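In what follows, chains are A, B, ... by sequence order, proteins preceding strands, each numbered from 1. In this text the structure is predicted, and so the values were computed from the model without any measurement.
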2 protein chains.
Amino acid sequence: MKVDGRVERGEQTRRQILRRAAEIASVEGLEGLSIGRLATELEVSKSGVFAHFGSKEELQLSTVRAAAAIFVRQVVEPALAVPPGPGRLELLLDGWLAYSEGRTFPGGCFFYAVQAEFDARPGRVRDQVAELGARWHELVRDTAAAVPGVPDPDQLAFELVAFLELANARSVLHDDPRAYDRARAAVRSRLDHAARG
Amino acid sequence: MKVDGRVERGEQTRRQILRRAAEIASVEGLEGLSIGRLATELEVSKSGVFAHFGSKEELQLSTVRAAAAIFVRQVVEPALAVPPGPGRLELLLDGWLAYSEGRTFPGGCFFYAVQAEFDARPGRVRDQVAELGARWHELVRDTAAAVPGVPDPDQLAFELVAFLELANARSVLHDDPRAYDRARAAVRSRLDHAARG
DNA sequence: AACTTGTACGAACGATCGTACAGTTAGTTT
DNA sequence: AAACTAACTGTACGATCGTTCGTACAAGTT
């Protein structure tokens with residue numbers, strides 16, 4: 001089946017909308033995202049943007065899905081490409097820090113912004129964000145569990161993720177890249193400590 | 001000078017507005033805060049609320065100030081009341097966890113929500129939030145520096161605050177109080193490790 | 001060639017946003 | 001008692017919000 005012309009153009013437009021939407025949301029939040037603004041910036045009509053999703057909530061959900069796909073491709077997949085063990089864990093953590101520091105999204109980690117925005121309100125967006133967060137934590141925990149000599153992978157994963165998230169928060173809020181150095185030092189010393197204990 | 005009647009009523013109203021504003025903002029953010037909604041919930045007129053602040057930005061700044069005062073009273077002052085050293089550091093960290101876990105603000109830590117919301121946009125609100133965040137970090141660092149045997153108080157403070165913030169984030173997003181146990185365990189082991197090293 | 005499908009558009013809707021302003025009420029000052 | 005002031009109200013404004021609708025047209029289907 002050929003997929004040029006109308007259908008291809010539609011999917012391309014949709015991708016462009018979601019790309020821009022994820023960028024905006026990482027800075028202004030998923031509620032700060034407005035259909036009219038999105039339309040203006042992309043130089044398409046408001047109803048054109050709206051028609052792709054049917055509701056703002058569906059736009060938000062699609063934006064989260066699109067951001068998750070970018071995150072998986074940049075952070076998760078490279079780590080899963082190497083064998084389990086200390087190497088994979090380090091690659092995962094380094095990949096995350098590079099993803100945040102490199103500003104894949106202009107506001108830093110997309111999920112940090114969106115989690116903090118929706119953590120306390122009910123709804124489908126919050127549910128999806130919570131589920132993605134849980135999956136991320138499980139991935140870090142399972143990756144840590146495959147490292148020999150780790151007594152409590154859940155606890156280790158908690159502490160490692162804490163370092164990553166604070167690095168992101170600090171670097172964005174204070175425009176200070178040294179937060180990543182702090183996080184890298186914390187990760188290193190915590191992993192050394194785990195290996196020895 | 002007597003301050004009953006008109007003046008007292010005004011200040012009381014202002015306090016009530018800011019109390020409610022801080023509660024709402026901890027859940028929906030400072031942008032989710034709307035003057036009309038605030039007026040409806042407090043059963044006063046929209047222009048009555050507006051007149052107290054003159055602009056939405058001023059309302060947001062006042063809300064941040066009010067939340068900071070609550071935070072200082074609940075977390076900072078009790079710690080400063082005991083002598084510097086390990087006891088003060090533990091009281092500070094335990095106080096923070098109790099402040100977050102006890103839901104002084106319904107959406108968890110007010111500043112976690114507001115920092116994540118404004119970290120990537122310019123403006124006076126962001127500047128104020130960033131300054132308060134820096135002051136908090138300095139307080140933790142200085143408190144840690146007064147503990148004997150701590151080689152790098154800045155690094156230690158970074159890691160401790162990371163545990164606190166992730167506990168808040170996890171517990172709110174997943175409605176899971178065990179995140180605080182994880183944070184307490186992390187704090188304890190990190191402080192033990194610092195004392196030994 | 002006739003018909004269906006899907007993208008995108010422009011115009012309009014009711015609601016809500018922040019803000020402005022004049023007026024009322026009640027405490028304070030003289 | 002008169003003058004003043006601060007808290008608060010009601011109404012209205014322009015802008016923007018999400019959403020609905022009818023339409024135009026290109027592409028795919030039969």
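- Distance B:Glu43 CD to D:dG10 P: 13 Å, rounded to the nearest Å.
- Residues meeting the salt bridge (Lys or Arg N to Asp or Glu O under 4.0 Å) test with A:Arg126, sequence neighbours left out: none.
- Contact annotation: A:Thr13 side-chain N/O to C:dT7 OP1/OP2 distance is not under 4.0 Å.
- In terms of phosphate contacts, A:His52 brings a side-chain nitrogen or oxygen within less than 4.0 Å of OP1 or OP2 of C:dA8.
- Distance CD (A:Glu11) to C1' (C:dA8): 16 Å, rounded to an integer number of Å.
- Every residue was checked against the salt bridge (Lys or Arg N to Asp or Glu O under 4.0 Å) condition with A:Glu165, not counting sequence neighbours, and none meets it.
- At whole-Å resolution of the value, CG in A:Leu38 and P in D:dT19 are 14 Å apart.
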Tell me which donor-acceptor pairs under 3.5 Å the side chains of residues 134-151 of chain B have, and how far apart each pair is, sequence neighbours excluded?
residue, atom, partner, partner atom, Å
B:Arg135, NH1, B:Glu131, OE2, 3.2
B:Arg141, NE, B:Asp154, OD2, 3.4
B:Thr143, OG1, B:Leu139, O, 2.6

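- Applying the salt bridge (Lys or Arg N to Asp or Glu O under 4.0 Å) test to B:Arg14 and every residue at least two apart in sequence or in another chain returns nothing.
- For B:Gln12 and C:dA26, the CD to P distance is 17 Å, given to the nearest whole Å.
- If you measure from atom CZ of A:Arg14 to atom C1' of C:dG6, you get 14 Å, rounded to the nearest angstrom.
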Strictly under 4.0 angstrom, non-hydrogen atoms only: write out the protein contact profile of nucleotides 13-19 of chain C, one letter per nucleotide from the 5' end, B, S or -.
----BBB
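- A:Asp181 is linked by a salt bridge (Lys or Arg N to Asp or Glu O under 4.0 Å) to nothing, counting only residues two or more places apart in sequence or in another chain.
- Residue-level contact check: A:Val49 touches neither bases nor backbone, having no heavy atom under 4.0 Å from any strand.
- The distance from atom CZ of B:Arg121 to atom CD of A:Glu28, rounded to the nearest 0.5 Å, is 5.0 Å.
- Between the C1' atom of D:dT19 and the CD atom of A:Gln60 lies a distance of 15 Å, rounded to the nearest Å.
- The CG-P distance, from A:Leu42 to C:dA8, rounds to 11 Å in whole Å.
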